[in-house]
There are 2 protein chains.
Amino acid sequence: MIEVLIADDHTLFAEGVSQALAAIPDLHVAGTASGGMELVEMAKKTRADVLLIDLEMPDLSGFEVLEKLKGSLPAIIVTMHADAHRRSQAVEAGARGFLSKSTPLPELAAAVRAVSAGENLTSLTTTLREILDNYMEPTLDPGAASLTARERELLTLLGEGVSATEELAERLYISPKTVKNHLASIYEKLSISDRTQAAVEAIRLGLVPNR
Amino acid sequence: MIEVLIADDHTLFAEGVSQALAAIPDLHVAGTASGGMELVEMAKKTRADVLLIDLEMPDLSGFEVLEKLKGSLPAIIVTMHADAHRRSQAVEAGARGFLSKSTPLPELAAAVRAVSAGENLTSLTTTLREILDNYMEPTLDPGAASLTARERELLTLLGEGVSATEELAERLYISPKTVKNHLASIYEKLSISDRTQAAVEAIRLGLVPNR
DNA sequence: AGGGAAATAGGCCGCTCGACCTATAGTAAA
DNA sequence: TTTACTATAGGTCGAGCGGCCTATTTCCCT
């Protein structure tokens, strides 16, 4: 069982990731922190194997947390803005991994396992994918697995850019009301709240062909 | 936005490169110098991220400029005569990159981004191409080319699943009204009509990193 | 000096979206 | 057969979205 600590000032995100990771058998969330300071404290008190740290935090940024911990615990930086500049900064600060917040959950899980096993995901000698593949579990995306066939159809259309209720209804030969019902169901299962996020998910889940 | 300073005694070349770089959304030319002395002056006064320096200049050669700046700013040497001898001299003088004047513009842009991000293009451990590929701008679609830097930022966020006006505003440190203005502009330029389609486009255009 | 583009901010309005709820028919499993 | 789940359809309602305007400031280019 790998113990994970999560730090993100966006509480909803931290909670979400926590929930998602909790659903993975070999991972356990030891705690979540809403800021850098809190994380540093928790890291001392809790027996953790890997840290997931948001870069953008008001009190202590991800970089500063890395400085404070001085590599006592392996850490993966998770950020909204995964650009090359932040990446190299993170690497220099001692991060063992650098991931975007849009990273698919299985990849995040794989990254946690890899780092916990001593891998360094920031070294450029090997492709990130090559390493992660070794730690990939054939874990289905929790939400996507529970989607019904019809919901998947709808989600696929969204991922293709069909966004208007009326058009979705026509494509599926159903009433606009039914479209909205299916959408609501999708939102709940995937823990999202609108079509835009649904479209992003559709693509991320690989539902959209021809890409 | 990466600020670039250009130095070349061939004013036409300096101007040309300046024009060309100005057309690239994430790069901005902070100024052009027609000689080494002038560049050193500008480097002090201007807030620049990367220097592009011609080797052959009448007053101060590229090497001498590097000596004077002593690595205070990362610099890429650009020369008519890219031979091994000059290369090793440049490396010893502290250049972070060494390119021929016949380098294609996209590669030059990639090199600027790479150096700005802290890469050293002169180390022989990795192929230059391997590094540059990571900084290559995704070839942009006709519509996307007309997007401004700010619009692109917004679009990228959408592609990451950030859909609420309020949250987009917070992420960009602007008013929700301005977010809607940018969105309207994006819709028009890409011939789309809502955020969902915008998110799909963002991903299709490769604006969303790490996938 | 003057013109244009970009980024910022705001107002107004109609309509759609998403949340919550009920309801029926069909199907598959218990 | 009863119990679930799915697909279908409908209603209401408030908040948010997109369309269309104006306006200011700051640049850059001419």
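Numbered from 1 within each chain, the chains take letters A, B, ... in sequence-line order.
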Would a distance-only check, ignoring hydrogens and angles, find a side-chain to backbone donor-acceptor pair under 3.5 Å from B:R195 to B:L158?
no
Closer than 3.5 angstrom, by distance alone: can the side chain of B:D49 be matched with the main-chain N or O of B:E3 as a donor-acceptor pair?
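Looks like yes, one N/O pair under 3.5 Å.
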Angle, rounded to 10°, between the helical axes spanning five pairs at each terminus of the helix from C:dA1-D:dT30 to C:dA30-D:dT1?
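Overall, the helix from C:dA1-D:dT30 to C:dA30-D:dT1 bends by 50° from one end axis to the other.
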From the options D:dT12, C:dG11, D:dA7, select the nucleotide whose nearest atom is closest to the side chain of A:K177.
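The answer is D:dT12, which lies nearest to the side chain.
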Measure the distance from [atom1] on [X] to [atom2] on [N] and round it to the nearest whole Å.
X: B:L172; N: C:dT8; atom1: CG; atom2: C1'; answer: 12 Å
X: A:L147; N: D:dA7; atom1: CG; atom2: C1'; answer: 15 Å
X: B:D194; N: D:dG16; atom1: CG; atom2: C1'; answer: 13 Å
X: A:E188; N: C:dC17; atom1: CD; atom2: C1'; answer: 17 Å
X: A:L183; N: C:dT16; atom1: CG; atom2: P; answer: 15 Å
X: B:E153; N: C:dA7; atom1: CD; atom2: C1'; answer: 11 Å
X: B:L158; N: D:dG18; atom1: CG; atom2: C1'; answer: 13 Å
X: A:L154; N: D:dT8; atom1: CG; atom2: P; answer: 10 Å

[N] phosphate, OP1 or OP2: any side-chain N/O from [X] under 4.0 angstrom?
X: A:T178; N: D:dA9; value: yes
X: B:T165; N: D:dC17; value: yes
X: B:T148; N: C:dA7; value: yes
X: A:S175; N: D:dG10; value: yes
X: B:R150; N: C:dT8; value: yes
X: B:Y187; N: D:dG19; value: no

Map B:K180 and A:E151 onto DNA chain D by nearest heavy atom, then report which one ends up closer to the 5' terminus.
A:E151
Between B:K68 and B:E64, is there a salt bridge with N-O shorter than 4.0 Å?
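Looking at B:K68 together with B:E64, the answer is no, because their closest N to O distance does not fall below 4.0 Å.
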Thinking salt bridges, do B:E201 and B:K189 make one under a 4.0 Å N-O criterion?
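Salt bridge between B:E201 and B:K189, a charged N being under 4.0 Å from a carboxylate O: no.
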Is B:S185 touching bases, backbone alone, or none of the nucleic acid, heavy atoms closer than 4.0 Å?
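Contact class for B:S185: none.
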Could you go through the salt bridge (charged side-chain N to carboxylate O under 4.0 Å, His left out) check for B:R86 and B:E56 one step at a time?
CA-CA 11 Å; B:R86 286 188 173 82; B:E56 299 82 11; 3.7 Å; yes
Close side-chain approach of A:F98 to A:T79, heavy-atom, < 4.5 Å:
yes
Taking the side chain as every heavy atom from C-beta outward, state whether A:Q197 and A:L190 have any atom pair closer than 4.5 Å.
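The answer is no; the side chains never approach within 4.5 Å.
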Between the base of D:dA7 and the side chain of A:N181, is one N or O donor paired with an acceptor at under 3.5 angstrom?
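Side chain to base: no pair present.
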Listing, residues 176-185 of chain B side-chain donor-acceptor contacts under 3.5 Å, not counting sequence neighbours, or none:
residue	atom	partner	partner atom	Å
B:S185	OG	B:E151	OE2	2.5

